[in-house]
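The block underneath contains the structure these notes are about, expressed in structure tokens.
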Number of protein chains: 2
Amino acid sequence: MNDIRVVIWGLGAMGGGIAKALLDKPGLEVVGVIDRHPDKQGKTLSDAIGYGHSQVPIKADPAAVLLPGTADLALVATSSFAPDVFPELEQAARAGLDIITIAEEMAYPEAQHPELAARLDALAKACNVSILGTGINPGFVLDTLIIALTGVCLGITEIKATRINDLSPFGPTVMRSQGVGTTKEQFHQGVAAGTIVGHVGFAESMQMIAAALGWHLDTIEQRKEPIISTVRRSSPYAVVEPGMVAGCRHTAWGKTGGKTLITLEHPQQIRPEAEQVETGDYIHILGVPEINLSIQPEIPGGIGTMAMAVNMIPHVLQAAPGLWTMKDLPVPAAWLGDVRRLLDTRRHTS
Amino acid sequence: MNDIRVVIWGLGAMGGGIAKALLDKPGLEVVGVIDRHPDKQGKTLSDAIGYGHSQVPIKADPAAVLLPGTADLALVATSSFAPDVFPELEQAARAGLDIITIAEEMAYPEAQHPELAARLDALAKACNVSILGTGINPGFVLDTLIIALTGVCLGITEIKATRINDLSPFGPTVMRSQGVGTTKEQFHQGVAAGTIVGHVGFAESMQMIAAALGWHLDTIEQRKEPIISTVRRSSPYAVVEPGMVAGCRHTAWGKTGGKTLITLEHPQQIRPEAEQVETGDYIHILGVPEINLSIQPEIPGGIGTMAMAVNMIPHVLQAAPGLWTMKDLPVPAAWLGDVRRLLDTRRHTS
């Protein structure tokens with residue numbers, strides 16, 4: 001079997017990290033990189049990410065990379081939003097590539113863009129390719145992992161989960177989008193203006209869980225509240241004085257007939273330990289049996305997203321044509337050997 | 001769509017619990033029960049399990065139940081061992097039924113019975129049915145859940161997991177098979193004689209993890225040690241005086257080139273809290289990133305196994321023909337609505 005040939009579309013923080021991981025994987029070759037940032041044009045992949053020995057040139061024009069028959073799979077890491085990545089997914093599918101994207105809304109596109117999801121599914125089938133949205137969250141912690149845990153339950157009345165993380169390692173874009181370092185008033189203005197966005201993915205996680213369990217949600221309510229610090233906190237890209245905002249407590253409730261079935265909470269802030277808040281991923285299923293899960297500290301978001309994107313490659317290569325979500329494909333798994341051998345043995349007998 | 005028609009093969013503690021769960025499920029009908037115990041002959045299902053209003057008669061002769069075209073799926077809960085259930089799986093497959101079994105060795109039959117696994121896979125394909133072994137452990141806690149967690153990792157050097165449970169609710173058979181209430185000498189004699197068996201499933205869990213990750217294990221070593229109690233412990237079916245055996249600490253190591261890659265530990269005892277041991281399921285992945293997961297208390301074994309068997313029904317009905325394992329099928333999920341509606345919408349667009 002030849003190497004699996006991968007195109008990376010989007011060489012930002014996530015795409016760059018994915019590229020590093022892929023360069024280390026046996027049985028797989030990065031054959032193309034698409035990124036329209038002017039500073040990257042003409043550079044090789046390894047020059048741009050400062051890692052490895054890849055001579056693959058970075059190109060701004062997708063059509064110059066997506067030549068028929070030259071690649072097997074595209075990894076799309078350009079935007080969080082389904083409508084933004086749709087033209088890219090369409091172009092890659094028409095070139096005959098299977099696709100993995102970390103666009104948050106693509107983790108369950110039917111949640112907010114059902115028409116777009118139907119079009120992508122039809123397109124994928126017409127082009128004989130499979131498409132998956134994944135990531136750490138949405139994609140795993142607050143949806144796939146919860147769904148997997150429900151497998152041990154005979155009945156469930158309610159699901160509650162919380163992901164408490166530390167934003168300190170992130171850059172200025174994340175500080176702004178979570179309102180870190182603002183005043184309470186600025187925070188509420190930012191939420192109203194749409195510049196402080198909180199977490200992208202609650203609708204997707206909620207609807208993925210509901211669909212897996214056969215629940216119908218009448219409404220999904222969301223609230224973004226400022227996490228007011230009582231102490232001074234600082235990180236490389238933000239300083240928070242007492243009384244100012246250390247981050248955004250974003251909560252979502254999925255309800256049916258006025259009753260809350262799913263509560264997902266994701267307070268994101270810098271230095272939560274400054275006020276004795278322990279980071280972690282927490283899942284509480286009220287049912288038969290009751291389940292209490294903790295992962296401490298939380299699964300790190302950046303590495304986790306890169307890993308999910310890379311690790312789902314064998315599953316997507318083997319999936320039937322169509323648009324898939326994490327609940328539809330086999331459980332994610334790190335693959336540590338040659339991906340081609342894994343593809344041969346994924347079905348243990350054949 | 002008609003009701004999904006299920007045959008239950010084996011109406012012991014697990015089969016009976018599965019039957020109760022199935023009787024509550026909309027869109028699904030128990031159409032046959034096979035059990036050869038003389039006391040159950042002629043009884044109806046509901047008489048035998050003391051639940052519901054099922055008039056389905058219990059029959060000893062499988063051929064009298066497995067009539068062509070009368071059922072969709074068989075749930076086989078008769079034995080822990082693959083060779084024991086093989087004739088039953090064969091008979092159900094030839095009758096055209098998809099199959100779920102909770103036989104521990106069937107969770108990954110290639111581990112100890114590769115020829116039998118190959119025969120079952122070929123048979124399933126010839127009969128156009130799908131076959132799955134599942135359960136809480138093997139089947140979930142020490143394999144599927146670990147595999148799912150590795151999905152967030154870019155690299156892994158070692159996996160360690162421990163399942164600490166309380167045997168107090170279980171009956172005399174389990175007390176004997178774990179050596180509860182024996183002396184240290186009796187325990188070692190029982191292990192040597194094969195009457196104290198510890199946990200059934202380590203080889204299966206180890207090989208499922210290894211196959212998912214692309215690892216090769218040279219050896220799987222196992223050790224069964226007595227858990228000597230320093231205090232008096234008692235349960236409905238056992239009394240343990242200080243200095244006697246409260247249970248069996250069963251540990252397995254999966255190694256390659258002398259290096260341990262996977263350590264699975266399953267100490268099973270009555271009343272661990274008597275010596276301040278907290279029950280729970282613990283997974284520790286040493287890798288990038290490092291992951292520490294706890295589920296406290298542990299997922300209960302009995303309900304968990306029943307739930308896994310019931311909850312995998314939609315996945316098995318929709319799987320391609322063949323022998324499957326938990327790593328090959330979509331993540332398990334509790335299904336709380338009508339199973340037929342779930343089958344319609346499992347692929348979110350179609």
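Every chain is numbered from 1, with letters handed out A, B, ... down the list of sequences.
- Between chain A and the options B/S294, B/P300, B/A309, heavy-atom pairs under 4.5 Å are most frequent for B/S294.
- Taking every heavy atom of both residues into account, B/K20 and B/I49 meet most closely at CE-O, 3.4 Å.
- Residues A/D143 and A/E204 fail the side-chain proximity criterion, which asks for heavy atoms closer than 4.5 Å.
- Looking at heavy atoms from C-beta onward, B/K255 lies out of side-chain contact with B/D218 at the 4.5 angstrom threshold.
- For the residue pair A/D328 and A/W324, the shortest heavy atom distance occurs at CB-CE3, 3.4 Å.
- Heavy-atom distances place both the backbone and the side chain of A/I147 under 4.5 Å from chain B.
- Contact count against chain A (heavy-atom pairs under 4.5 Å) is highest for B/P332 among B/G155, B/P332, B/G280, B/G214.
- Of the atoms belonging to B/L329, it is backbone heavy atoms, and not side-chain ones, that fall under 4.5 Å from chain A.
- Heavy-atom distances place both the backbone and the side chain of A/V288 under 4.5 Å from chain B.
- Of all the listed residues (A/T144, A/D338, A/L149), the one sharing the greatest number of non-hydrogen pairs under 4.5 Å with chain B is A/L149.
- Note: A/C153 leads A/C153, A/G304, A/G337 in heavy-atom pairs under 4.5 Å with chain B.
- When heavy atoms are compared at a cutoff of 4.5 Å, A/L145 approaches chain B solely by way of its side chain, counted from C-beta outward.
- When each of A/T305, A/I295, A/V141, A/V310 is scored by its heavy-atom pairs under 4.5 Å with chain B, the top score falls to A/I295.
- A salt bridge between B/D121 and B/K125 is present, with a side-chain N of the basic residue lying under 4.0 Å from a carboxylate O of the acidic one.
- Looking at B/I136, the atoms closer than 4.5 Å to chain A (heavy atoms on both sides) all sit in the side chain, from C-beta outward.
- Of all the listed residues (B/P297, B/P289, B/G322, B/G287), the one sharing the greatest number of non-hydrogen pairs under 4.5 Å with chain A is B/P289.
- Contact record, A/A333 with A/H315: N-NE2, 4.4 Å, taken as the closest heavy-atom pair.
- Under a cut-off of 6.0 angstrom, the local environment of CD in B/E278 is sparse, with at most 12 non-hydrogen atoms contributed by other residues, nucleotides or ligands.
- B/G139 and B/A107 make their closest contact through N-CB, 4.4 Å (heavy atoms, listed as atom of the first residue, atom of the second, distance).
- Comparing B/K25, B/Q296, B/E290, B/H216 by how many heavy-atom pairs each has under 4.5 Å with chain A, the most go to B/Q296.
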